[in-house]
*Asks:* 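Before I ask anything, here is the structure I am working with.
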Amino acid sequence: MRATFPHLLHLDVALGILYPTLGIEIVPPPPLTRKTIEIGVKLAPQNACFPLKVTLGNFVESIEKGADTLFMAGGVGPCRFGYYGQIQRLILEDLGYKVQFILLDHPRYGIRSFVQALRTMTGGKISPARIVRATALAWKVLRFTETIEAKRRALRCLVERKDALDRVVEGTLTRLRWVESVTALEEIIRSTEEALRALPLVREEGEVLKVGIVGEVYVAQEKRINFDVERLLGDLGVYVHNSVSTVEYILHTLPFTRSREKEETWRLARPYLQRFVGGEGIDSVGSAIRYAQWGFDGVVHLYPFTCMPEIVAKGILTQVSKDYDLPILHLAIDEHAGEAGLITRVEAFVDVLERRKKTRRKSEVGRAWTYS
Amino acid sequence: MDLFLGVDVGSVTTKFVLMDREKRIVASCYLRTSGDPIAALKDGLRYIERHFPSGGLIKAVGTTGSARHLAGIVVGADIVKNEITAHAVAAITRVPEVRTVFEIGGQDSKLIIIRNGVVEDFAMNTVCAAGTGSFLEHQAIRLNVPIEKFGELALEAHQAVRIAGRCTVFAESDMIHKQQLGFGKAEIVKGLCEALVRNFINNLATGKAIEDPIVFQGGVAANQGIVQAFRDFFHGKKRIIVPPEHGVMGAWGAAILAMEYAPECSLFQGFAVVERHFVSRSFTCEDCPNSCEIVFLKENDEVKALWGSRCGKWSPSAVGKRIDEEPAGMKTVSQGEECEQSRCPVYD
Ligand code: SF4
Ligand code: SF4
């Protein structure tokens, strides 16, 4: 068995550690490129969700590299994510690829059956203790890949040399691929933090514009798909925070692992949206409100062009934007999205935020005058 | 006299505005880009030089439009801004009480909502041709009506034929159908103007409060048929203003932004730029499946700037080496869509 899985930012780093320790031979998915997207778009039904198309492209490229078993997460709810695996399996079968599809179903249907599935995959030779240890390490690695990306987003507008920041982050991500123990991981975390602290800063957090990112789990995170909006914002001198995370996404599937933050997000969204609309619709609304409460200057909403839950969220966000006086930029991403238009819009959005900040500062001064 | 230069290089047209400190336009021009932005830039500079007031001094330069970065390097810009901000700034300067801006160009269209002199919201359409000037242009060719006559003809019609204009392809077949049914050209042209207006509103204005005064700018604003169609759409209840400078608003905005930016010493390269030798070329990087199209600007043998690399691996010196190694794989870049001169009316 030679297994593979789809890309989702740095998920491949974590899974690249997990599977081999379990004795599963893997074919790491080739880097996600324009060609991957082309393949997926060509093979998938035209009206399929964009993330489905891209992950399908991933699979085809991996199969051509020798993969014969595909892992895919299943989903729940009224949106189409639940069918991804099935549709992709049918398409690949039609194309004549002889592959085995393993759907890792929602662990809500039983964590034991989940571990059981992993055990069967490993041929029953690996002890449960070892599975647990390997999973824990992979989990920690995944968490750290998100932490380091969060640091990169926040620091990009502050550091003197953006290339030095990228070098630290990329170097760490490469080192993480070879981690074998928690001790080694801790060493990497420590040295990375040190390297980041050593970067000279030219600005302070208080003086820059702050933008939060909300949206669909795939498009809002996968920078190879969303034209790296975070980087673009950072280069324009904006401090960026992203509310979307794979770790949170996985934790959220189980009631007892839900983070307090996530519960809070859902509570914030409740005045606007009471029903689960599938995908991350509720999270997008709740997170935008949280950014408003944190005093952020604006929000960027990233979603696949035809994504139903996010279109619902988009409508509600228009109201949120009015109620909280929070500018929101909606960016729909699919194979037709043009980079030039996207850059123009993001630049114009940052101009709007800048002008608002300036006039607000002025009006605050004005208020002080009237009261003195 | 302190002067400020604004340059707007779009894929179809290139605009120049020379402005004084009171934001008054001293000279302006509107040229076809014709797939060669560098030549268009040089032509524009020649024009501005010819109309340059004696005793004038350029204090700052701003560029905008899809080739703003390239223009910024060739002309020497102090500020490089996106088209949305540039258009909004010009509209606010021209009509301070403006609340909405419609901008329709050849390849894209924009809607900008302004409140109290500040941009509050905007939408931009770059995907669907049915809300832009190229929609009209294509249909004009089909109908064999010169695009300059389009507006006049539309005004002649007493009623419009309803054309399904959600997408250019449908519009075309529907138009042929209506022609076969015996409708006159004027009515069909009027119908097309209304279809474009419906598209513009549907694509950009859903969920946005369109309040007047509306400033309508961009090349298409010269078309009286479209202006009338907008009036009819709002049942004559909204004030629509088409400023005489509607064609060069982007360049004007760039000049205003340059003045506000107020550099101590401008990077302007001088009018002698027209004598210098620039070329813009491209090659496809094959180092990974992204196959990025690397576009670079060269002056004589020196690579001045480059764009298009996703991973950031290309620097001017690396590109320079590459060109020396394999001069064969290079091709001259043409910006935007290829268009035959005769078929392309001036719309941007
Ligand atoms: S969340 Fe959106 S993109 Fe994802 S499966 Fe559901 S509808 Fe499709
Ligand atoms: S420039 Fe970088 S990302 Fe683009 S094709 Fe070359 S190696 Fe790949």
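Predicted, not measured: the structure shown is a model, and the values here were computed from it. Note that these values count all heavy atoms, side chains included, but never hydrogens, waters or copies made by symmetry. Chain letters run A, B, ... following the sequence lines, proteins first, then strands; residues in each count from 1.
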*Asks:* Side chains of Arg68(B) and Thr344(A), heavy atoms from C-beta outward: is any pair under 4.5 Å?
*Replies:* yes

*Asks:* Just to verify, what does Ala262(B) make a side-chain contact (heavy atoms from CB on, under 4.5 Å) with, not counting sequence neighbours?
*Replies:* none

*Asks:* Answer yes or no: is there an ion pair linking Asp228(A) with Arg310(B), defined by an N-O contact shorter than 4.0 Å?
*Replies:* no

*Asks:* Is the number of heavy atoms from other residues, nucleotides or ligands under 6.0 Å of Asn116(B) CG greater than 12?
*Replies:*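 Incorrect, the count does not exceed 12.
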
*Asks:* For Arg161(A), look at atom CZ and say whether over 12 heavy atoms of other residues, nucleotides or ligands are found less than 6.0 Å away.
*Replies:* no

*Asks:* Kindly state each residue pair satisfying salt bridge (charged side-chain N to carboxylate O under 4.0 Å, His left out) with at least one member in residues 251-261 of chain B, sequence neighbours excluded.
*Replies:* Arg355(A)-Glu260(B)

*Asks:* Sort Phe349(A) into side chain, backbone, both or neither according to what part of it lies under 4.5 angstrom from a heavy atom of chain B.
*Replies:*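 Both backbone and side chain.
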
*Asks:* Checking heavy atoms, do the side chain of Leu257(B), its backbone, both or neither come under 4.5 Å from chain A?
*Replies:* side chain

*Asks:* Is the closest side-chain heavy-atom distance between Asp351(A) and Val119(B) below 4.5 Å?
*Replies:* no

*Asks:* Under 4.5 Å from any heavy atom of chain A, what part of Val89(B) do you find: side chain, backbone, both or neither?
*Replies:* side chain

*Asks:* Any side-chain heavy-atom pair from Thr85(B) and Glu347(A) closer than 4.5 angstrom?
*Replies:* no

*Asks:* Measure Glu38(A) against the heavy atoms of chain B and call it side chain, backbone, both or neither at under 4.5 Å.
*Replies:*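 Neither part, no heavy atoms under 4.5 Å.
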
*Asks:* Show me the pairs that pass ring pair (Phe, Tyr, Trp, His ring centres under 6.0 Å) and involve residues 89-123 of chain B, at least two apart or across chains.
*Replies:*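 Ring pair (Phe, Tyr, Trp, His ring centres under 6.0 Å) check on residues 89-123 of chain B returns Phe102(B)-Phe200(B), Phe102(B)-Phe230(B).
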
*Asks:* Does anything in residues 317-331 of chain A get under 4.5 Å of chain B by heavy atoms, and if so which residues?
*Replies:*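 Leu329(A), listed by number.
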
*Asks:* Would you indicate whether Tyr272(A), at its atom OH, is surrounded by more than 12 heavy atoms from other residues, nucleotides or ligands within a distance under 6.0 Å?
*Replies:* yes

*Asks:* Once rounded to the nearest 0.5 Å, what's the spacing between atom OG of Ser291(B) and atom CZ of Arg34(A)?
*Replies:*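 One finds 7.0 Å between OG of Ser291(B) and CZ of Arg34(A).
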
*Asks:* Around Tyr261(B), counting heavy atoms of other residues, nucleotides and ligands shown, do more than 12 lie under 6.0 Å from its OH?
*Replies:*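 No, not enclosed.
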
*Asks:* Counting only heavy atoms not in Lys313(B) (residues, nucleotides, ligands), do more than 12 fall under 6.0 Å from its NZ?
*Replies:* yes

